[in-house]
Novice: 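Could you have a look at this structure, given as structure tokens, before my questions?
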Number of protein chains: 2
Amino acid sequence: MLTAQTRSEATAARIIAAAKSLFVARNYSDVTTDMIAAAAEITKGGLYHHFASKEDLYLAMMLGDFEDKRRLFEQAVATPGTCRDRLAQLTRDYLELPHEERELTHLVRRDVNTFSGKERDSLISAYQKALPAQIETIINDGIRDEEVAACDARILAWSFVALVEVVIGQYAEVTLGNTEAQLEHVLGLFFGGVSITPKGEPA
Amino acid sequence: MLTAQTRSEATAARIIAAAKSLFVARNYSDVTTDMIAAAAEITKGGLYHHFASKEDLYLAMMLGDFEDKRRLFEQAVATPGTCRDRLAQLTRDYLELPHEERELTHLVRRDVNTFSGKERDSLISAYQKALPAQIETIINDGIRDEEVAACDARILAWSFVALVEVVIGQYAEVTLGNTEAQLEHVLGLFFGGVSITPKGEPA
DNA sequence: CCACCGACCGACTGACCGGTCGGTTTATAC
DNA sequence: GTATAAACCGACCGGTCAGTCGGTCGGTGG
């Protein structure tokens with residue numbers, strides 16, 4: 001028996017799911033509320049019953065996703081172990097997400113210019129907390145434990161994120177073949193670099 | 001004496017320059033032809049005399065920029081030396097570009113979804129030739145010369161590009177302080193990784 | 001000087017978009 | 001069964017945008 005509350009929640013979830021697919025595939029302005037409504041099999045009026053505006057829908061979608069991810073990734077942060085092992089766990093958790101869930105992570109950089117004020121700030125902040133800040137924590141521990149050479153952990157976190165984004169690109173995904181290969185590539189590059197003869201000097 | 005031809009070229013250049021500033025600061029759809037016209041101090045009708053469409057203007061801007069950059073970066077490719085030195089030169093050339101010129105490079109990834117068909121393909125192709133493909137050539141030489149561990153050079157090229165993009169972010173730019181520090185950071189990370197005790201295994 | 005043409009203008013067009021609103025439907029409580 | 005409120009509908013609205021068009025201006029050549 002579907003109650004009004006669960007009916008409403010189910011509809012809102014259906015709208016969010018439809019929005020996810022569309023916003024992953026197209027830039028913010030290229031996704032129309034008509035498209036989202038059609039994909040969610042509801043009218044635009046119905047859509048506006050649940051979300052105050054297009055922007056409100058987008059933010060709900062993104063902030064919800066980042067909160068899910070923050071919770072997922074904080075497990076790796078909380079796990080004792082080497083910096084490398086913890087980054088491995090976090091990255092594996094990320095790589096094993098469904099393709100679309102992974103792609104959502106990138107939308108901030110793509111779409112953030114379209115927003116301003118506190119909406120923009122909350123997007124950036126939620127992304128930061130979900131991913132880079134957690135990686136930074138792990139790297140800071142690595143620096144403290146002298147596993148990682150002393151360097152600005154935030155820059156290293158962003159560098160790590162950037163390297164992960166490369167291996168989930170289409171070409172790299174096909175070339176490397178599977179999640180473990182992607183993972184080993186990123187970790188190998190991040191920790192050991194590409195030089196055949198290590199120079200012995202910290203980064 | 002300004003001829004019609006040079007007058008026309010000057011106006012088109014003025015429009016392109018105005019477009020660059022605007023498209024760097026905002027996503028494609030958020031920049032209107034009215035804005036561009038106003039910034040170029042011309043009317044919209046005048047703007048449409050020079051460019052067939054907004055898309056035509058954007059493509060002219062981007063393809064022109066990528067051609068300039070392809071020429072700039074091919075000097076590093078053509079210079080004999082170690083992989084590291086040649087990457088250093090190319091990256092220094094890039095880092096020394098005016099801020100806006102550097103930012104233009106990223107617009108492809110941000111805006112490419114808005115385009116389709118041959119326009120999309122030509123954008124991607126021009127970007128590829130201007131930067132990643134040239135880096136890939138240098139890295140391939142590094143692999144051949146056994147300076148770089150054997151790995152897919154295209155993935156490494158994109159990884160290198162990704163690392164450079166991190167150090168030109170606002171935070172890293174301020175933290176690292178100057179172009180040489182940015183350069184050393186990227187090269188150190190790319191060639192040597194972050195591990196204090198090199199494992200001696202190739203990436 | 002005059003004719004011509006490219007460069008440019010400013011008013012205009014119509015498609016599209018985010019959002020609205022009066023009405024209908026559905027679920028629930030009494 | 002009835003009343004109510006939430007969920008939803010479909011037609012509508014008005015602002016915005018890319019692009020158009022008839023006209024003017026400026027430069028050039030005969």
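Scope of the values below: all heavy atoms of this structure, side chains included, with no hydrogens, waters or symmetry mates. Source: prediction; values computed, not measured. So you know, we letter chains A, B, ... as the sequences are listed, proteins then strands, and number each from 1.
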Novice: Please tabulate, for side-chain N and O atoms in residues 159-174 of chain B, each donor-acceptor pair with protein atoms closer than 3.5 Å (sequence neighbours left out).
Specialist:
unit_1: B:S159; atom_1: OG; unit_2: B:I155; atom_2: O; d: 2.8
unit_1: B:E165; atom_1: OE1; unit_2: B:R109; atom_2: NH2; d: 3.0
unit_1: B:E165; atom_1: OE2; unit_2: B:R109; atom_2: NH2; d: 3.2
unit_1: B:Y171; atom_1: OH; unit_2: A:D152; atom_2: OD1; d: 3.2
unit_1: B:Y171; atom_1: OH; unit_2: A:D152; atom_2: OD2; d: 2.8
unit_1: B:E173; atom_1: OE2; unit_2: B:R102; atom_2: NH2; d: 2.8

Novice: What's the verdict on side chain to side chain contact (heavy atoms under 4.5 Å, CB included) for B:F191 and B:L87, showing C-alpha distance, side-chain angles and the deciding distance?
Specialist: CA-CA 11 Å; B:F191 282 95; B:L87 284 181; 3.9 Å; yes
Novice: Roughly, in whole Å, what's the span from CD1 in A:I15 to P in D:dA7?
Specialist: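 Result: 11 Å.
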Novice: May I ask you to verify if any side-chain N or O of B:H49 is less than 4.0 angstrom from the OP1 or OP2 atom of C:dC9?
Specialist: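 Answer is no, no contact under 4.0 Å.
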Novice: For A:C83, is there any backbone N or O sitting under 3.5 Å from a side-chain donor or acceptor partner on A:E147?
Specialist: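 Such a contact is found between A:E147 side chain and A:C83 backbone.
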Novice: Any ion pair linking A:R110 and B:D111 (charged N to carboxylate O, less than 4.0 Å)?
Specialist: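 No.
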Novice: So what is the end-to-end bend of the helix from C:dC1-D:dG30 to C:dC30-D:dG1, with 5 pairs used at each end and the value given to 10 degrees?
Specialist: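 Both end axes considered, the difference amounts to 0°.
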Novice: Of the options D:dG19, D:dC8, C:dG19, whose atoms approach the side-chain atoms of B:K54 most closely?
Specialist: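 The closest nucleotide is D:dG19.
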Novice: For the pair made of OH in B:Y48 and P in D:dG22, what is the distance, rounded to whole Å?
Specialist: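 Distance, rounded to whole Å: 18 Å.
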Novice: Specify the separation, in whole Å, of atom CZ of A:F51 and atom P of D:dA7.
Specialist: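 Going from A:F51 (CZ) to D:dA7 (P), I get 12 Å.
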Novice: Less than 3.5 Å apart, any donor N or O on the side chain of A:E96 or A:T179 sitting next to an acceptor on the other?
Specialist: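 There is no such pair (donor and acceptor under 3.5 Å, judged by atom type) between the side chains of A:E96 and A:T179.
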Novice: Does B:T82 have any side chain to side chain donor-acceptor pair (under 3.5 Å) partners at least two apart in sequence or in another chain, and if so, which?
Specialist: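 For B:T82 the side chain to side chain donor-acceptor pair (under 3.5 Å) partners, ignoring immediate neighbours, are B:D85.
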Novice: Nearest whole Å is fine: how far is D:dA18 C1' from B:D56 CG?
Specialist: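 Rounded to the whole Å, the gap is 13 Å.
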Novice: Just jot down the salt bridge (Lys or Arg N to Asp or Glu O under 4.0 Å) partners of B:R14, sequence neighbours excluded, or say none.
Specialist: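 Counting only residues at least two positions away or on another chain, B:R14 forms no salt bridge (Lys or Arg N to Asp or Glu O under 4.0 Å).
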Novice: Using atom OH of B:Y28 as one end and atom C1' of D:dC17 as the other, report the distance to the nearest whole Å.
Specialist: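 Result: 12 Å.
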Novice: Which nucleotide in the set C:dG19, D:dA18, C:dA27 lies at the smallest distance from any side-chain heavy atom of A:R7?
Specialist: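 Between C:dG19, D:dA18, C:dA27, the one nearest the side chain of A:R7 would be C:dA27.
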Novice: Taking only residues two or more places apart in sequence or in another chain, which ones pass ring-ring contact (aromatic ring centres under 6.0 Å, His included) with A:F115?
Specialist: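 If we apply the ring-ring contact (aromatic ring centres under 6.0 Å, His included) test to A:F115, skipping adjacent residues, the hits are A:Y28, A:Y58.
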Novice: Hey, which of these two, A:T32 or B:A12, hits DNA chain C nearer its 5' end, going by closest nucleotide?
Specialist: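 It is B:A12, whose closest nucleotide lies nearer the 5' terminus.
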Novice: If you measure from the Lys or Arg side-chain nitrogens to the Asp or Glu carboxylate oxygens, is any gap between B:K20 and B:E103 under 4.0 Å?
Specialist: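 Looking at B:E103 together with B:K20, the answer is no, because their closest N to O distance does not fall below 4.0 Å.
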Novice: Could you list the protein-to-nucleotides 9-12 of chain D atom pairs, N/O on both sides, closer than 3.5 Å?
Specialist:
unit_1: D:dC9; atom_1: OP2; unit_2: A:T43; atom_2: N; d: 2.5
unit_1: D:dC9; atom_1: OP2; unit_2: A:T43; atom_2: OG1; d: 2.9

Novice: Starting at atom OH of A:Y58, determine the distance to atom C1' of C:dG18, rounded to an integer number of angstrom.
Specialist: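 The answer, rounded to whole Å, is 17 Å.
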Novice: Give the rounded distance in Å between these two atoms: CZ of B:F115 and P of D:dA18.
Specialist: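 In whole Å, D:dA18 P lies 12 Å from B:F115 CZ.
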Novice: Measure CD1/A:I36 against C1'/C:dC17 and give the value in whole Å, please.
Specialist: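 About 12 Å, once rounded to whole Å.
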Novice: Counting just side-chain N and O atoms, does A:T33 come under 4.0 Å of either OP1 or OP2 of C:dG19?
Specialist: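 It does not, given that no N or O in the side chain of A:T33 lies less than 4.0 Å from OP1 or OP2 of C:dG19.
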